[in-house]
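Just so it is clear: chains get the letters A, B, ... in the order the sequence lines come, proteins before strands, and each one is counted from 1.
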2 protein chains.
Amino acid sequence: MDQKARDRAGVEQVEPGMAEKEGQRPTLKTIAFMTGLGVTTVSRALKDAPEIGEATRRRVQLVARQIGYRPNRAGVRLRTGKTNVISLILNTEDEVTGFLSDIIYGISEVLADTPYHLVVTPYSRTNDPLEPVRYVVETGSADGIIISRIEPDDPRVRYLVEHDFPFATHGRTAMGVEHAFHDYDNHAYAAEAVRTLGRAGRRRLALLPPPPTLTYYHETRNGFSEALLETGASEVPFPSAHLDLPLDRIRQHAADLMRRANRPDGIVCSGAGAAIALVAGIEEAGLTLGHDVDIVTKQSTQFLHWFRPQLFIAREDFSLAGRDLAIALLKRIGGADPKTLQTLSSPVWDGRPVDAPGNG
Amino acid sequence: MDQKARDRAGVEQVEPGMAEKEGQRPTLKTIAFMTGLGVTTVSRALKDAPEIGEATRRRVQLVARQIGYRPNRAGVRLRTGKTNVISLILNTEDEVTGFLSDIIYGISEVLADTPYHLVVTPYSRTNDPLEPVRYVVETGSADGIIISRIEPDDPRVRYLVEHDFPFATHGRTAMGVEHAFHDYDNHAYAAEAVRTLGRAGRRRLALLPPPPTLTYYHETRNGFSEALLETGASEVPFPSAHLDLPLDRIRQHAADLMRRANRPDGIVCSGAGAAIALVAGIEEAGLTLGHDVDIVTKQSTQFLHWFRPQLFIAREDFSLAGRDLAIALLKRIGGADPKTLQTLSSPVWDGRPVDAPGNG
DNA sequence: CTATCATTCTGCAACGTTTCAGATGATAAT
DNA sequence: ATTATCATCTGAAACGTTGCAGAATGATAG
């Protein structure tokens, strides 16, 4: 834009031509000129280096503040390799339900008080999930990475650990390697969901689980199974149904399921969008939510209980996830031990009380 | 991370020490060394400059591809001022309904084939909306900006035009200044919504409009009013209700409205989340959607007709908005005339057919 | 009075890129 | 034979920053 103006200025060595730089963005050189100090001194003074005199330091910082000096990111990055960028890598097809917004807001909230910028890098699920991660690491285009859709044995985690690149995951792995993560306690969620249905008198339960490749599929399933044993309820298989299916497919599957002779009287569901599709399928089969069958689900936004008040609902706070992930990643970049950067968030039950009777 | 290694290498002038740079990221110097050419020649060859011989150019490009050369963004940025960054500025409190995800995906889809990165910069509605825009312009931290929540007389637009900074808006202004935008045709939407309700036999219509400060409030209201005249229906005031209220407040307002003696028999609503709240309020007042009252609304995701099949629904495609905004902005950065970068997307009606009778 | 030392400040060089102003031959025009 | 023109190529400089090695000053010790 104003490149020519910049090229025009500063040709002479002796007279730095600060007059022409009037409207330009101030740099260290500007401050050096104004204070009569050297550029190096100014640079050090601004970062409170010990070899700068107290008076000088204060003077420099005052001037810098006055003229609104901001370090040039490209200069810093070129010199130090530090990008001051966090890269959020996510699936194009992921989560229609607004989950992304919350996580981004959560991350931004934390980054707002730091020099960090948030770069969002989506990739299509059809492509190699490793690709965007490799890109960031190879080009050094960020100081840290946040990834989601974590698998028990995740190639991205392996790659990042191997390259000693700071990262945090939304979800856990089972690779015997410590890394920063935030996760929702899906085990607790599924178990409590089963107990809730038990209290509602439901004994024949189905599970609409996360995609089987992901870690939290197993957590969910384990929680589900353990609580089944505990409550003495039985599982009605819900074959090949999972959260990654298009909502319309889930609706179909649900309708088919509910038309079977041995249909479930309770369903544990791991996503808000899927729960809506489930209900649609149930009603398509001529059954009534809260009467013939109960559903427990998670939600991040508030309106699910307006959709059907009969739903049992646990809250999952994605902005908390974003905040925790950002905090963990920043600490990791700062060199903290990954073991100390692992958080788990517990389900909070709201909406219909968990001990209400099943008949709505 | 590997900064020390980098500092270690390349001290000698004569022998460039390419051996030690083995594991390092290739730069122009690397290619220059490998091809035996000068750095300048390599730089030019890679961007198809005319003063480079055909053979040389191909040779350089081959080597570059082989070793996986990627220009260093910081280098380019420092030298040219070009950041290859698009900044998306958005409201923290905005749109619970997943609208953000779609728009980000739309933008990313376009940027994927370019060297551009997408930086997301949220700001709280309580702060100055101008602040993040000013930051980007003053620090030159992006080549272009996308903003939303556009007002008829928008200070951000004024600022950006004054500073001749490339931008595109999601929504239109009324400032008599040409700029790149993408907008949904809310005038057409509201008008068609009124006609739809008319065909359903509804004569006493209320409008749940966008926030009154935004441009599309007026578009919506004008479309609504014009179609009222056209169809001979009358308006039932729905005072102080708009989309920016918390959903629970909207529910309350709706319940109050529907308990009034002169309650509407049709409501035009400008947002999916709000429509759900409206329905909740209506049912709270003991009335039945599709019988006592009909609602027309927009949705970006698909599940609204599962919520209540009686809803009249128009689709609003936010990923299209994202794509159009990104395309327009890139062209604007390329110097295109803003007048040629303005797109309007028409409502597409789906779900319940518009000429179905009002009784569901 | 010199040597040593801490304190405080400073040039220079380099990160990777592009632009500017040539340089080098070769070929064409005079 | 001399000059102009052209096609290719090149080194130096600069963008803003920080690390390194060292300079200037004064103080302390020998």
The complete set of salt bridge (charged side-chain N to carboxylate O under 4.0 Å, His left out) pairs with one or both residues in residues 80-90 of chain A, sequence neighbours excluded, reads Lys82(A)-Asp143(A)
- request: Write out all pairs satisfying salt bridge (charged side-chain N to carboxylate O under 4.0 Å, His left out) with one or both partners inside residues 30-46 of chain B, taking only residues at least two apart or from two chains.
  value: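 Sorted result for residues 30-46 of chain B: Arg44(B)-Glu51(B).
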Q. Taking only N and O in the side chain of Thr80(A), is any of them less than 4.0 Å away from OP1 or OP2 of dT18(D)?
A. no
Return the polar atom pairs (N/O with N/O) between nucleotides 4-11 of chain D and the protein under 3.5 Å, or none.
unit_1	atom_1	unit_2	atom_2	d
dC9(D)	OP1	Thr56(B)	OG1	2.6
dC9(D)	OP2	Gly53(B)	N	2.9
dC9(D)	OP2	Thr56(B)	OG1	3.0
dT10(D)	OP2	Gly38(B)	N	2.7
dT10(D)	OP2	Thr41(B)	OG1	2.5
dG11(D)	N7	Thr40(B)	OG1	3.2
dG11(D)	O6	Thr40(B)	OG1	2.8

What's the spacing between [X] [atom1] and [Y] [atom2] if we round to 0.5 Å?
{"X": "Met34(B)", "Y": "Leu37(B)", "atom1": "CE", "atom2": "CG", "result": "12.0 Å"}
{"X": "Phe181(B)", "Y": "Leu341(B)", "atom1": "CZ", "atom2": "CG", "result": "10.0 Å"}
{"X": "Arg77(B)", "Y": "Asn72(B)", "atom1": "CZ", "atom2": "CG", "result": "11.5 Å"}
{"X": "Ile52(A)", "Y": "Arg57(A)", "atom1": "CD1", "atom2": "CZ", "result": "8.5 Å"}

Just the rounded figure in Å: distance from [atom2] of [N] to [atom1] of [X].
{"X": "Leu28(B)", "N": "dA14(D)", "atom1": "CG", "atom2": "P", "answer": "20 Å"}
{"X": "Leu46(B)", "N": "dG16(C)", "atom1": "CG", "atom2": "C1'", "answer": "13 Å"}
{"X": "Arg77(A)", "N": "dC15(C)", "atom1": "CZ", "atom2": "C1'", "answer": "12 Å"}
{"X": "Leu78(B)", "N": "dC15(D)", "atom1": "CG", "atom2": "P", "answer": "9 Å"}
{"X": "Lys29(A)", "N": "dT10(C)", "atom1": "NZ", "atom2": "C1'", "answer": "16 Å"}
{"X": "Arg79(A)", "N": "dC20(D)", "atom1": "CZ", "atom2": "C1'", "answer": "9 Å"}

The bend of the helix from dC12(C)-dG19(D) to dT30(C)-dA1(D), taken between the axes of its five terminal pairs at each end and rounded to 10°, is 70°
- At their closest point, which heavy atom of Pro122(A) faces which heavy atom of Val120(A), and how far apart are they?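 That closest heavy-atom pairing would be CD-O, 3.5 Å.
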task = Measure the shortest side-chain to side-chain distance between Leu118(A) and Val119(B) over non-hydrogen atoms and say whether it is less than 4.5 angstrom.
result =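 Result no, sub-4.5 Å side-chain heavy-atom pair not found.
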### Task
Answer whether the closest heavy-atom distance between the side chains of Arg134(B) and Asp128(B) falls below 4.5 Å.
yes
Inset, instruction - For the residue pair His182(A) and His170(A), categorise the inter-ring angle as parallel (less than 30°), tilted (30 to 60°) or perpendicular (more than 60°). - result: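 Rings of His182(A) and His170(A): tilted, as their planes differ by 30° to 60°.
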dG26(D) -> Watson-Crick or G-U wobble partner, both distances under 3.5 Å, gives dC5(C)
Asp337(B) meets the salt bridge (charged side-chain N to carboxylate O under 4.0 Å, His left out) criterion, sequence neighbours left out, with none
What's touching nucleotides 26-28 of chain C from the protein side, N or O pairs under 3.5 Å?
none

Practice prompt. Take atom P in dA14(D) and the same atom in dG11(C), then report the distance between them in whole Å.
Written response: 16 Å
Syn or anti for dG11(C), given that syn means the glycosidic angle lies within 90° of 0?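 Glycosidic conformation of dG11(C): syn.
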